[in-house]
Protein chains: 2
Amino acid sequence: MGQKVISKAVIKRLPRYYRYLGELLDAGVERISSGELSQQMKVTASQIRQDLNNFGGFGQQGYGYNVYYLRTEIAKILGLDRPHKMIIIGAGNLGQALANYAKFEKNSFHVVGLFDNNKALKRKMVRDIPIMMIDELPGFLQKNDVEIAALTLPKENAIDMAQILVENGIHAIWNFAHTDLNLVVPKTVAVQNVHLSESLMRLSYNLKTLEEEGKIK
Amino acid sequence: MGQKVISKAVIKRLPRYYRYLGELLDAGVERISSGELSQQMKVTASQIRQDLNNFGGFGQQGYGYNVYYLRTEIAKILGLDRPHKMIIIGAGNLGQALANYAKFEKNSFHVVGLFDNNKALKRKMVRDIPIMMIDELPGFLQKNDVEIAALTLPKENAIDMAQILVENGIHAIWNFAHTDLNLVVPKTVAVQNVHLSESLMRLSYNLKTLEEEGKIK
DNA sequence: TAGATTGTTAATCGATTAACAATC
DNA sequence: TAGATTGTTAATCGATTAACAATC
């Protein structure tokens, strides 16, 4: 309680540290200094030390950081140390892609259901995950302790669906619809908006900039 | 030439302005002030005016901004005013999802081919887009003027594939593999990394924080 | 003209980097 | 112990916000 608020910039970097530490672990590296890690990740050693110190001292003077220990601690910070049940609303290509994707983080995210309103999909399975109809959703949420819902829907339906999800006890929404759900949902629900189109537009901007600088063609 | 470098923070916000302006346009709104827009987008009016002024004066004192004009100008800045040919490497669920997705921006991104090494997919079509084999890729790039490649591959293959793409004249990579391609590819190629797992981890962090603050359950 | 709202400069805030004392 | 490297404070840098003169 009364915990220090960690800046968004720091939180944004944590998953990247987590990924690099995983790769180091796979490569059999036991310890690493902020200096070495900074070279690999192309950030400053100072930033790494500052970031980590937001959460307490994970390193040791004269030694550096133990890779396994540091990774475990970051996992805890990110809440990856326990399973989260997740459902996916929208069983199209993106929904199905996420169903596979979320398994990546082995013990953290369990996709327990896909929902769609296309009756042709009813009772089908994606891997071992059943596709259910939207009208089964409230009942399903009542029976199962689901924390996270991924939304891969047209934006017209996303806001109403978010409402339904919140009413039925969902605590986190991973939103792929073209709208900013966090402006619509109560602050007691975590929201991450993934706007793929924005990413593509930034790529387009960068491409255009390279052209204008004469670095292309 | 010798153009002012625009900060990443500004570029990151442009697509969001573009989206809101599109919605205003659909709603038949003709003009808007930075103050009104700031309320809708939950940012400061000051930031909107500062951001836009990086590119020149799009507004008019006492009037505000013409929605259609401003949107058109932002489109130009982002390079959305001309078509970009795009291919997708990896014809799994994510690749196919992107094939539909990229069409969203009507005249900006044309997906002209999907590539995979799964022979079962050979010669299939996704919508009107042919799936081709990876070994056909260099020939295809030689014949077609493709600027952008989306990469939906396991990370093991992504780096080699990026190399091949760059050698064959690709200028922009939209990377969905779990690795930082921008650290690997020459600076004359634009890269946007989309790390979905990082987004999910941030969601998990926010969820955990809400729990700890006692706002859940 | 008076009112509204931009464009732009100046002030503030926050994040990053540098430096170094603490300590393993 | 000497050397290495963290943890942490101080300095710098950049981004955001506030303020207001310019101007439609």
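Numbers restart at 1 for each chain; the letters A, B, ... are given by sequence-line order, proteins then strands.
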Would you mind reading off the distance between [X] atom [atom1] and [N] atom [atom2], rounded to a whole angstrom?
| X | N | atom1 | atom2 | result |
| --- | --- | --- | --- | --- |
| A:N66 | D:dT5 | CG | C1' | 15 Å |
| B:D51 | D:dG14 | CG | P | 17 Å |
| A:L52 | D:dT8 | CG | P | 12 Å |
| B:I6 | D:dG14 | CD1 | C1' | 14 Å |
| B:L37 | C:dG7 | CG | P | 13 Å |
| B:I48 | C:dG7 | CD1 | P | 12 Å |
| B:Q61 | C:dT6 | CD | P | 9 Å |
| B:N54 | C:dT8 | CG | C1' | 12 Å |

Which part of the nucleic acid does B:S33 contact within heavy-atom distance under 4.0 Å: base, sugar-phosphate only, or nothing? sugar-phosphate
Touch class at under 4.0 angstrom, heavy-atom based, for B:R31 against every strand present: nothing
Do you see a donor-acceptor pair shorter than 3.5 Å between the side chains of A:N93 and B:Y101? no
Return the nearest nucleotide to the side chain of [X]; candidates are [options].
| X | options | result |
| --- | --- | --- |
| B:Y65 | D:dT16, C:dT6, C:dA19 | C:dT6 |
| B:A9 | D:dT17, C:dA22, D:dA15 | D:dA15 |
| B:N53 | D:dT6, D:dG7, C:dT8 | C:dT8 |
| A:Q47 | C:dT17, C:dT6, D:dT16 | C:dT17 |
| A:R49 | D:dG7, C:dA18, D:dT17 | D:dG7 |

Answer yes or no: are there more than 12 heavy-atom neighbours, outside B:E167 itself, under 6.0 Å from its atom CD? yes
Does atom OH of B:Y63 have more than 12 heavy-atom neighbours from other groups under 6.0 Å away? yes
For A:Y65, is the NZ or CZ atom of A:R31 found under 6.0 angstrom from the centre of its six-membered ring and inside 45 degrees of the ring axis? no
Taking atom types as they are modelled, would you say the side chain of B:Q60 forms a donor-acceptor pair with the base of C:dT5 within the 3.5 Å cutoff? no
Is there a donor on the side chain of A:E36 or the base of D:dT5 sitting less than 3.5 Å from an acceptor on the other? no
Any donor-acceptor pair under 3.5 Å linking the side chain of B:D51 with the backbone of B:I48? no
Taking a pair to mean Watson-Crick or G-U wobble geometry with both distances below 3.5 Å, D:dA15 pairs with C:dT12
With a 3.5 Å limit on both atom pairs, tell me what C:dA21 is paired to, counting Watson-Crick and G-U wobble, or say none. D:dT6
Is the phosphate of C:dT17, meaning OP1 or OP2, less than 4.0 Å from a side-chain N or O of A:T44? yes
Identify which one of B:I164, B:V146, B:V185 satisfies the side chain to side chain contact (heavy atoms under 4.5 Å, CB included) criterion when paired with B:I170. B:V146
The residue, B:S46 or A:Q50, whose nearest nucleotide of DNA chain C is more 5′ is B:S46
